[in-house]
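Written out below as structure tokens is the structure these notes cover.
Below, chains carry the letters A, B, ... as their sequence lines are ordered, and counting in each starts from 1.
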Amino acid sequence: MTALTILLVLVLLLVVFGLLFRLQILTSIFSGTYVREIGMSNRINAVLMLVFMVVGGAAFFWSFSENFNKMNPPVASIHGHAMERMFWTTMTVIGIAFVITQALLFIYSYKYQHKEGRRAYFFAHNNTIEVIWTIIPAIVMASLIFAGWKAWTRITGPAPKDSVVVELMGKQFNWLVRYPGRDMKLGVVNYRLIDASNDFGFDLSDKAALDDFTSTEIHVPKGHPVLIKIRSRDVLHAVYMPHFRVQMYAVPGMPTRFWFTPTMTTDEMRAHLGNPKFNYELACNQICGKSHYAMKATLVVDEPDDYQAWYAKQSPNSANADMMASYKQTSQSAGLGKGGSLGAKAAAIEETGETPASPLAAQTAM
Amino acid sequence: MATNLPASAHAQGGIGTAPVPHTEHDEHLHEHDEHHDQHWMWKYVFSQDHKMIARQFLITGMFWAVIGGVLSSLFRLQLGWPEATMDWLQPLLGKWIEGGKLNPEFYLALVTMHGTIMVFFVLTAGLSGTFSNFLIPLQVGARDMASGFMNMLSYWFFFLSSVIMFVSLFLETGPAAAGWTIYPPLSALPQAIQGSGMGMTMWLVSMVFFIVSQLLGGVNYVTTVINLRTRGLSMSKLPLTIWAFFLTAILGILSFPVLLSAALLLVFDRSFGTSFFLSDIYIAGQALHNQGGSPVLFQHLFWFLGHPEVYIVIMPAMGMVSEVLATNARKPIFGYRAMIGSLIGISLLSFVVWAHHMFVTGMNPFLGSVFMFLTLIIAVPSGVKVFNWLATLWRGNIRFTAAMLFAIGFVSLFISGGLTGIILGNATLDIQMHNTYFVVAHFHLVMGSSAFFGLFAGVYHWFPKMFGRMMDEKLGYIHFWLTFIGVYLVFMPMHYVGIAGFPRRYYSWTGFDAFSQFADLNKFISAAAILAFFAQFIFIFNFFYSIFRGRRATQNPWNSTTLEWTTPVVPGHGNWPGEIPAVYRWPYDYSKPGSESDFIPQNVPYSQTASSNLPYEQELED
Amino acid sequence: MAHSTTLEPTTAATPYTDAPRTGTWDGGNEPFKASYGKLMMWFFLLSDAFTFGAFLTAYGMIRHKHGVFTGTADKFFFSTAHWPIPEKVFNGFPGLHGIDLPLAFVALMTMILIFSSVTMVLAVEAGHRMDKADVQKWLLWTILFGAMFLSSQAWEWSHFIGGDEKGTLMADGTRMFGANLAANQYGPPLFADLFFFITGFHGTHVFSGVCLLVWCFIATTNGTFEKRGHYEMVEKIGLYWHFVDLVWVFVFTFFYLV
Amino acid sequence: MSAHATTEHAYIPGEIAKPNTGWIWKTFWVLVIITAVEFVIAFVMTNPGLRTFRNSIFIVLTILKAFFIVGEFMHLKHEVKSLIWTILIPTSLLVWLVVALVTEGSSIGETLSHMFS
Ligand code: HEA
Ligand code: HEA
Ligand code: CUA
Ligand SMILES: [Cu+2]
């Protein structure tokens with residue numbers, strides 16, 4: 001019913017509009033202004049160009065400064081600060097280009113509006129200025145490229161050896177978190193071993209997997225490099241943590257990674273923002289289905305001591321009886337043999353009579 | 001060059017005995033006389049006349065624009081008023097808005113279809129298809145396209161593809177919903193999202209037909225420009241429109257096949273159990289057998305098309321804007337050669353930058369830096385274009401026709417949108433900006449607004465040639481100002497939201513602390529978007545009203561120099577009733593000192609303009 | 001257009017003529033000395049080259065993503081852990097069951113295709129001489145070779161699908177014989193996927209080529225081209241046919257040799 | 001392709017020129033020999049250490065074959081320069097695609113093989 005009413009109103013409006021339009025044309029024919037080519041309207045449009053520039057520019061400036069604080073999530077990582085500087089430097093550069101070109105566009109439009117009896121200046125070509133305005137942007141771009149390239153290689157370069165390692169696994173629609181445990185080694189996982197109690201697909205025949213532990217929250221220590229290893233078990237997701245200026249896709253079948261050094265604990269940030277409920281949020285930033293918009297996780301930055309304490313409290317996989325039991329079952333029914341996912345190894349042995357160099361080599365290349 | 005072919009073959013022009021173009025095309029002349037008693041079916045439906053095909057593309061494109069606009073209004077409602085209950089949409093959306101709450105999956109479907117429709121069906125087919133078809137033969141002085149038949153096929157493949165895409169909107173499981181970039185595995189697995197069932201199948205099938213249509217069209221455009229130019233019309237006398245269409249067609253010929261490859265591989269992954277893009281997947285309680293494929297591979301293939309595609313969208317607009325600016329500033333386009341050079345530069349570069357859409361997909365960082373380098377270079381030729389447009393206005397004598405307004409708006413929006421590309425092209429900054437509303441703002445300014453403005457400029461400018469009548473200028477002015485202000489109001493604030501890190505393709509952001517502070521701004525954007533959408537109805541009204549009741553056009557209403565204005569007001573099949581005019585000069589002899597009128601059409605020989613000829617033009621003739 | 005910005009109009013008497021310029025690129029001309037139909041075929045082939053290029057590039061990427069077998073060829077074994085060595089996979093020959101004839105059959109297929117290209121050029125050449133009988137003869141040969149190639153490919157596929165008696169033990173403990181789109185005995189599933197897809201796509205092209213040739217043969221026989229005064233259609237289809245041969249050259253290198 | 005052309009160039013029956021096929025067979029032999037060389041290399045150079053070298057030879061030979069097919073059989077070598085470039089320049093755009101994706105493939109392979117170490 002409502003829809004029908006809306007439709008009706010629209011149709012009526014259209015009719016009224018059409019009638020008014022027709023009326024206007026008839027009067028203009030009557031008054032002889034109908035076919036005049038260049039007249040008042042030209043001047044009005046020229047003035048509007050200028051008005052648009054001034055009012056629009058002011059509105060833009062106002063709204064920008066009004067929202068400036070909101071649009072700058074506080075930075076909480078070392079490379080984030082560098083990125084922030086580069087962002088605003090680049091903004092300044094393009095801001096200058098923006099102001100100059102837009103101003104010229106509207107001012108010329110106003111200034112060189114049609115005047116009776118004047119003739120446009122036949123000016124087809126000028127090598128010098130064309131070279132100048134090719135070279136200048138080229139130089140500007142070269143310096144931006146150079147700065148960007150330096151930062152990029154640093155950020156994507158290898159993580160420091162002493163980094164804290166966390167693995168995030170995206171799935172529809174939440175994030176699974178695991179830590180390497182005391183041996184500092186992430187154990188083998190295999191997606192075929194995933195079941196209700198083994199969300200990650202731990203291959204528990206691998207010793208390194210036994211002491212791994214999972215968590216619902218991500219904890220990292222402040223001031224320490226953190227290496228996030230990222231994987232996905234179904235579709236693409238992306239780890240996006242705006243406060244740390246961190247983003248990386250989670251890709252099924254291809255582990256990715258990102259490292260950063262947090263500079264502010266959650267508590268510090270709460271104090272800084274005056275918001276006791278603040279939490280660092282991890283958003284999924286790659287369309288992944290129905291609840292893409294709700295696929296979030298919380299990351300807590302602790303003081304190193306608190307982090308140690310939290311770490312010590314976690315219980316390893318081997319303490320999870322459910323998982324141990326169901327692993328036996330799944331690995332059997334998936335036909336993975338007693339070597340878990342090392343079936344390929346078995347094949348290799350059978351064909352050649354010799355063992356591949358590393359017991360994991362066969363599995364990883366799959 | 002020593003071929004082993006008999007001499008006779010050579011005498012007739014290399015291998016093969018090619019017919020000389022004119023003898024063949026003069027036959028169209030006879031058709032011209034006869035076309036009155038053609039059946040309407042062949043005249044209006046399966047027409048092989050490029051002008052009719054252009055109109056078909058235009059009308060279909062407008063239909064799609066309305067659909068695309070409606071979809072965007074729907075999801076903007078959701079974004080602006082996430083808490084509202086919208087029962088009144090129930091009759092339209094049915095089960096997708098059960099209880100007044102939009103279904104989150106349907107939200108994604110809306111966004112996906114909005115992107116697909118706007119990029120491919122409105123801008124690629126509507127803009128490029130309409131104007132390449134309409135203007136190429138008219139401006140190069142040909143009776144029709146090289147192959148009218150293939151040209152007709154091109155439209156009908158597009159139509160078929162449109163029908164399939166349109167029908168998919170009404171599927172029980174909804175249309176494709178994996179984003180217009182259809183990244184697998186989401187697009188490959190119906191378990192992952194409903195839209196990846198039948199909806200995605202139809203999307204892919206539709207796209208395959210679309211690609212066929214593009215190839216048929218593109219091959220035709222390129223060949224026509226090369227072989228069917230009229231006497232005297234060298235490449236360095238072509239209007240910039242033709243250069244733009246020519247290069248656009250080349251981009252299409254080279255990049256769409258790669259999308260075809262990606263689509264076919266995806267079809268196999270979806271339906272035949274291959275693993276090109278799939279590996280190590282556990283979904284819906286089940287481990288899939290696929291191993292060894294790579295989702296990143298799909299992204300590479302997609303963007304190898306996808307990036308040239310955005311230039312396919314903007315380059316025709318650039319060409320038309322150049323033409324409109326020069327005509328209405330009554331000045332030669334500044335730096336004609338540089339304009340061509342920058343178009344060529346942009347075209348070449350557009351093939352080597354695709355992975356700037358993939359900086360954070362886990363791509364090899366070294367490749368990332370190469371792609372950053374290549375991407376940022378594009379600013380240089382783009383800058384040359386902008387500066388040349390500005391220089392064209394400088395000391396002009398500007399007439400603000402509706403087309404001119406839209407052309408100026410185009411330049412403004414292109415600057416605004418292009419500049420943010422510089423931020424995104426920087427891999428380091430893209431870490432933060434990727435997939436946020438900053439990207440959405442970037443591409444709506446440069447594509448959703450700027451390219452659209454180019455389209456509008458084209459329609460206002462060439463309407464008299466298409467329909468023999470003028471569009472109403474005053475309505476044009478109102479349409480322009482509302483739209484111009486509207487799109488800035490919609491898309492400027494999106495940057496703010498984006499800088500804060502607000503992700504795109506989010507049904508609602510209320511679950512996130514960091515993003516929920518923009519509720520008001522989002523309401524504002526939505527309101528502005530819906531107003532901007534409604535402003536388009538002024539255009540649609542004007543368009544259809546003017547087709548039937550508009551003021552009758554004169555032969556050359558804008559005092560323009562190019563060949564299409566030497567045809568009759570409404571050219572028939574074959575375009576020129578008599579001989580095709582020959583061309584003597586470049587298309588931008590506006591306000592030439594010494595000439596009486598402020599424009600000299602391309603088909604006026606130098607001998608008739610002794611008072612205005614420049615020294616070098618004399619040399620040219622010697 | 002080498003504009004100077006000097007604006008003085010010439011005052012000298014004008015020697016202009018009213019004839020438009022007539023250089024190669026000045027319009028009213030075929031600058032490539034090729035009719036529009038032939039150009040269209042070239043541009044179509046260019047775009048088709050990009051389709052195949054994309055497939056082969058995909059092949060390249062996936063292949064480099066997979067492990068290589070590091071030992072010597074005689075120690076080679078099939079495993080999903082590494083990409084197979086082609087000559088271990090393609091070593092059968094029709095009628096010679098169980099004998100290890102590495103790449104012999106594909107050598108034959110390659111020869112067939114090269115032959116078909118030759119007969120195709122001969123047909124084109126005959127067309128230039130307006131020699132209807134010769135055109136017919138060579139077209140027939142080309143069709144024959146095309147059909148032979150297709151049947152060879154059918155055998156190659158069925159051999160590949162059937163696999164050998166030994167089979168290979170897969171990661172999940174089952175034994176796999178031959179190949180399908182989901183798994184294969186020769187190694188990573190993608191080896192078979194890519195093989196089927198790319199040779200299949202190529203085969204489809206050969207098939208369409210044969211259809212075009214048959215049509216062309218009928219038209220020749222009916223004298224259509226003779227009446228038209230030229231055999232350009234044969235030439236255009238010839239371009240297509242050679243292109244398909246060209247693609248095979250690349251498929252051959254990347255699937256069978258490298 | 002074009003129905004218009006049917007009425008033109010009425011066929012004048014006359015003498016049919018002699019076939020000129022020497023160049024075709026020459027090209028044929030070139031292709032056969034290159035292919036043969038490839039086979040020889042495939043069976044002689046089996047040392048895994050030479051794999052890269054061997055593969056580069058294959059690729060060079062393949063491009064050589066392509067050159068003969070396109071240049072002679074498709075007659076491109078004897079077309080006007082501008083047509084040659086029109087075909088070659090766009091094709092060269094594929095090079096970067098191949099280089100980028102192969103690099104990408106190798107680096108993914110690398111990542112995968114270090115996944116758990
Ligand atoms: C018409 C379409 C169009 C055009 C022309 C452009 C132009 C450009 N685009 Fe844009 N882009 C898109 C459409 C377009 N884009 C779309 C649709 C997407 C998103 C797709 C998706 O994910 O859904 C996208 C996304 C996108 C990304 C990926 C973002 C991400 O997902 O993370 C990047 C990154 O590099 C980028 C860069 C650029 C650059 C550098 C240009 C340059 O060409 C711009 C050049 C222009 C100028 C620079 C302005 C004028 C120049 C001057 C005034 C000179 C002076 C300037 C300086 C000295 C700086 N674009
Ligand atoms: C040309 C391209 C184009 C155009 C014109 C638009 C127009 C608009 N778009 Fe869209 N948009 C895209 C391309 C475009 N968009 C793409 C590619 C995406 C990404 C999809 C994805 O993520 O997968 C996207 C996504 C997108 C989003 C992000 C959604 C999300 O990530 O969750 C939003 C949000 O506000 C949005 C809003 C709008 C609005 C308000 C308009 C308004 O401007 C709409 C106003 C309407 C019109 C301007 C058209 C009406 C015109 C006529 C009826 C006249 C027709 C005349 C002729 C044809 C001559 N769009
Ligand atoms: Cu997970 Cu979006
Ligand atoms: Cu891009």
Among D/Ser107, D/Ser106, D/Ala42, D/Ala100, residue most engaged with chain C (heavy-atom pairs, under 4.5 Å): D/Ser106
Proximity breakdown for C/Leu56 and chain D, heavy-atom pairs closer than 4.5 Å: neither
Rounded to the nearest 0.5 Å, how far apart are CE of C/Met41 and CE of D/Met74? 9.0 Å
Name the member of C/Leu46, C/Val121, C/Leu45 that forms the most heavy-atom pairs with chain D at distances under 4.5 Å. C/Val121
Measuring heavy-atom distances to chain D, does C/Trp241 have an atom under 4.5 Å in its side chain, in its backbone, in both, or in neither? neither
Any side-chain heavy atom of C/Phe254 sitting closer than 4.5 Å to one from D/Ile59? yes
Residues 110-117 of chain C: residues contacting chain D (heavy atom under 4.5 Å, by number): C/Thr110, C/Met111, C/Ile114, C/Phe115, C/Ser117
To the closest 0.5 Å, what do you measure between NE2 (C/His66) and CD1 (D/Ile108)? 10.5 Å
At a 4.5 Å cut-off on heavy atoms, which part of C/Phe225 comes close to chain D: side chain, backbone, both, or neither? neither
Does any heavy atom of chain D fall under 4.5 Å from the side chain of C/Ala49, the backbone, both, or neither of them? backbone
Note, D/Phe73 side chain near C/Val118 side chain (heavy atom, < 4.5 Å): yes
Side chain proximity check, D/Thr86 to C/Phe43, heavy atoms < 4.5 angstrom: yes
Does any part of the side chain of D/Phe68, heavy atoms only, come nearer than 4.5 Å to the side chain of C/Leu246, both counted from C-beta? no
Hey, can you pull the donor-acceptor pairs under 3.5 Å for the side chains in residues 32-40 of chain D, sequence neighbours left out?
from    : atom 1 : to      : atom 2 : distance (Å)
D/Thr35 : OG1    : D/Leu31 : O      : 2.7
D/Thr35 : OG1    : D/Lys65 : NZ     : 3.3
D/Glu38 : OE1    : D/Lys65 : NZ     : 3.1

Report the distance from atom CZ of D/Phe58 to atom OG1 of C/Thr253, rounding to the nearest 0.5 Å. 8.0 Å
Heavy-atom pair count under 4.5 Å with chain D, highest-scoring of C/Ala126, C/Ala58, C/Ala107, C/Ala54: C/Ala107
Contacts of C/Asp48 meeting salt bridge (Lys or Arg N to Asp or Glu O under 4.0 Å) (sequence neighbours excluded), chain-then-number -> none
Less than 4.5 Å apart, side chain to side chain, heavy atoms only: is that true for C/Met61 and D/Val102? no
Find out whether C/Phe50 and D/Leu97 are in side-chain contact, i.e. whether some heavy atom of one side chain is under 4.5 Å from a heavy atom of the other. no
Is the closest side-chain heavy-atom distance between D/Glu79 and C/Lys38 below 4.5 Å? yes
I need the minimum non-hydrogen distance between C/Val258 and D/Arg54, along with the two atoms involved. C-NH2, 4.4 Å
What distance do C/Phe32 atom CZ and D/Ile87 atom CD1 have between them, rounded to the nearest 0.5 Å? 7.5 Å
Residues at least two apart in sequence or cross-chain that pass ring-ring contact (aromatic ring centres under 6.0 Å, His included) with D/Phe43, listed by chain then number, are none
